[in-house]
Protein chains: 2
Amino acid sequence: MSRSENGAAVPRRAPLNRERVLRAAVALADDIGIESLSMRKLAQELGVAPMALYKHVANKEELLDGMVSVIVAEVDPPLPGPDWKNAVRHRILSARQALLRHSWAPRVIESRTQAPPVVLDYMNSLIGMFLAGGLSADLTHHVMHALGSRMWGFTQEVFPTPQPPADPGMRAAMFRQAAERFPHIVAIATVGAHDDASSVGQGCDDQSEFEFALDVLLDGFERLHNEGWRSGVPGNRAAG
Amino acid sequence: MSRSENGAAVPRRAPLNRERVLRAAVALADDIGIESLSMRKLAQELGVAPMALYKHVANKEELLDGMVSVIVAEVDPPLPGPDWKNAVRHRILSARQALLRHSWAPRVIESRTQAPPVVLDYMNSLIGMFLAGGLSADLTHHVMHALGSRMWGFTQEVFPTPQPPADPGMRAAMFRQAAERFPHIVAIATVGAHDDASSVGQGCDDQSEFEFALDVLLDGFERLHNEGWRSGVPGNRAAG
DNA sequence: TTGACATGGCGTACAGCGTACACCTACGAT
DNA sequence: ATCGTAGGTGTACGCTGTACGCCATGTCAA
């Protein structure tokens, strides 16, 4: 259909379609950040009048829905095999990789009020992995809630660690002040660090933090499953 | 300072201050929703011109920071006592109560780019509870990451369950369609429900889902602590 | 008493946003 | 030859956050 250059000079560009709009939106958000993404800028990027976009998406919310779908579609299908725990683990880490390519994605995902179908497909498939592993529907229900956003491969790092000022004197002063008011934060932030003042929050590997938490959860789920957990049974709370 | 009515009729209202601005903003957000909260509406609510607000907050972001501070200040101080797990549990559930009074709070908290000091106070104090319980700084570091937004008493329910249409015929049709495309979702959503089609997502108690996940995590932390977990030690992953 | 100054509120104005609406143009089917 | 439709355009509206300059008032020094 679209030979990129036909014999004559090409006065009309190929017509837009929904897919091209969505992909351009993803690329533009990668470039300029999701908070700067506007219908006008996206239109400009596509060489088109702003209102032209509305022939392909109903409004900006639907555009964002579509962007989420594009990304979620990149997540790998589940590994086959009997080990549900490892299969789930790998799938979630694969979802994480997809999201890491688009740092704005978590915020957009969280802002959706209706899950796009592709998103439900993913959740449905993940649930299927637990059920295939033998977990009861009941336990799986709780498990999915417990995973929360972690099933997408991200946790909201509720407050990003502020980066210290460039000036060394100023930095030392702020460090001293912080150590006085927030001694415990400073204590755990500088674990294993050689240079206290400059490495606050540095020695922190997002990937291993994520895996640590994921494994605590998965191990907990497995334990409950093996112990024959049933809903409403008293004494479940203290699993030890 | 502000006798509420002085002798004469009061032609001038008491001057604004930062605190009154913040409290009015919280109340207004409770009323009309955070996405409808604008500087203009807030000013109107306070009987004042929009630009008057800027004498008390630098900009809207700082207003939102302040609103978060107001809420976090409501969280109960920690219970004393040697049982760190229960103390943490109760504190987090208390934070949850504070947030539940303001349903917009989680989204605002997550959107902050710099943590207000009150927020750091809370985190510092929570960390102190783990350290007082004997957990190493290293383990506590991971633990805080693993808690993520749950330390504030909320989990992002990434996609809210859509409510079914009112028309019963339509509802049945959508249910049949969903059961076909997303069988596993339907399976776990209808656990323990008597009327499948109408009760999807109904039999789901947010509070107990939250506690389930929190307990899986806390139990996991306790187990690692008792097993003498140390960072970087291979074999930690499979805690079983 | 007088002037200086700080505090707090006001009015205007601007750029940017999402998008409703009417219009036009080109193309495929009849 | 005509018509319907898909896709792109131009204009316009109401809303947003907020920069800037002005003005009224209260406090304090001289």
Side-chain angles (χ1 to χ4, degrees), chain A residues 1-3 6 8-25 28-29 31-68 104 107-108 111-114, chain B residues 1-3 6-26 28-29 31-68 104 107-108 111-114:
Chain A
M1 49 191 90
S2 68
R3 64 173 69 169
N6 49 15
V10 191
R12 319 203 65 69
R13 97 187 102 36
L16 246 44
N17 58 40
R18 189 180 158 92
E19 171 126 357
R20 276 191 42 214
V21 169
L22 297 183
R23 282 221 294 259
L28 189 55
D31 265 17
I32 67 175
I34 191 69
E35 64 286 331
S36 302
L37 177 73
S38 71
M39 299 300 275
R40 286 170 152 91
K41 283 186 195 150
L42 176 56
Q44 189 177 7
E45 193 75 9
L46 287 163
V48 118
M51 289 310 293
L53 301 177
Y54 288 88
K55 300 284 171 165
H56 305 279
V57 294
N59 49 41
K60 191 176 182 182
E61 285 298 293
E62 203 193 278
L63 176 76
L64 294 172
D65 284 348
M67 294 169 70
V68 171
W104 44 269
R107 261 167 313 170
V108 177
S111 73
R112 297 309 75 214
T113 55
Q114 290 244 339
Chain B
M1 48 193 85
S2 69
R3 63 174 67 169
N6 49 17
V10 191
R12 319 203 64 71
R13 97 188 101 37
L16 246 43
N17 57 42
R18 190 180 156 92
E19 171 126 357
R20 275 191 42 216
V21 169
L22 296 184
R23 282 221 295 258
V26 167
L28 189 55
D31 266 16
I32 66 175
I34 192 68
E35 63 285 332
S36 302
L37 177 73
S38 72
M39 298 300 274
R40 286 170 154 90
K41 284 187 195 147
L42 177 56
Q44 189 177 9
E45 193 76 11
L46 287 162
V48 119
M51 289 311 292
L53 301 177
Y54 287 86
K55 300 283 170 157
H56 305 279
V57 293
N59 49 42
K60 192 176 183 183
E61 285 298 292
E62 202 193 278
L63 176 76
L64 294 172
D65 284 348
M67 293 169 69
V68 171
W104 44 269
R107 262 167 312 169
V108 177
S111 72
R112 296 309 75 214
T113 54
Q114 289 244 338

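Each chain gets a letter, A, B and so on, in the order its sequence line appears, and its residues count up from 1. Given the structure is predicted, the values throughout are model-derived calculations rather than measurements.
With hydrogens and angles ignored, a donor-acceptor pair closer than 3.5 Å exists between the side chain of A/Arg40 and the base of C/dG18.
For the contact set between residues 54-63 of chain A and DNA chain D, defined by any heavy atom under 4.0 Å, the members are A/Lys55, A/His56.
Between the CG atom of B/Leu53 and the C1' atom of C/dC10 there is a distance of 12 Å, given to the nearest Å. Following rounding to the nearest Å, B/Leu46 (CG) and C/dG8 (P) show an atom-to-atom distance of 15 Å. Remark: P of C/dG9 and CE of B/Met51 are 13 Å apart, rounded to the nearest angstrom. For A/Leu16 and D/dT9, the CG to C1' distance is 14 Å, given to the nearest whole Å.
Picking from D/dT18, D/dG7, C/dG18 the nucleotide with the shortest atom distance to the side chain of A/Met39 gives C/dG18.
Residue pairs meeting the side-chain hydrogen bond (donor to acceptor under 3.5 Å, both in side chains) criterion with at least one partner in residues 42-62 of chain A, sequence neighbours excluded, are A/Arg18-A/Glu62, A/Glu61-A/Arg112.
Remark on DNA chain C: of its neighbouring residues B/Pro50 and A/Ser36, the 5'-side contact belongs to B/Pro50, judged by nearest-heavy-atom nucleotide.
B/Arg23 is linked by a salt bridge (charged side-chain N to carboxylate O under 4.0 Å, His left out) to B/Glu19, counting only residues two or more places apart in sequence or in another chain.
Within the 4.5 Å cutoff, the side chain of A/Val21 has heavy atoms near those of the A/Leu42 side chain.
In plain terms, the two heavy atoms of B/Met67 and B/Ala29 that are nearest each other are CE-CB, 3.8 Å. Summarising the geometry of B/Pro50 relative to B/Arg40, their closest heavy-atom pair is CG-CG, 4.1 Å, with the distance given to 0.1 Å.
With hydrogens and angles ignored, the 3.5 Å screen pairs no side-chain donor or acceptor of A/Arg107 with any backbone N or O of A/Glu35.
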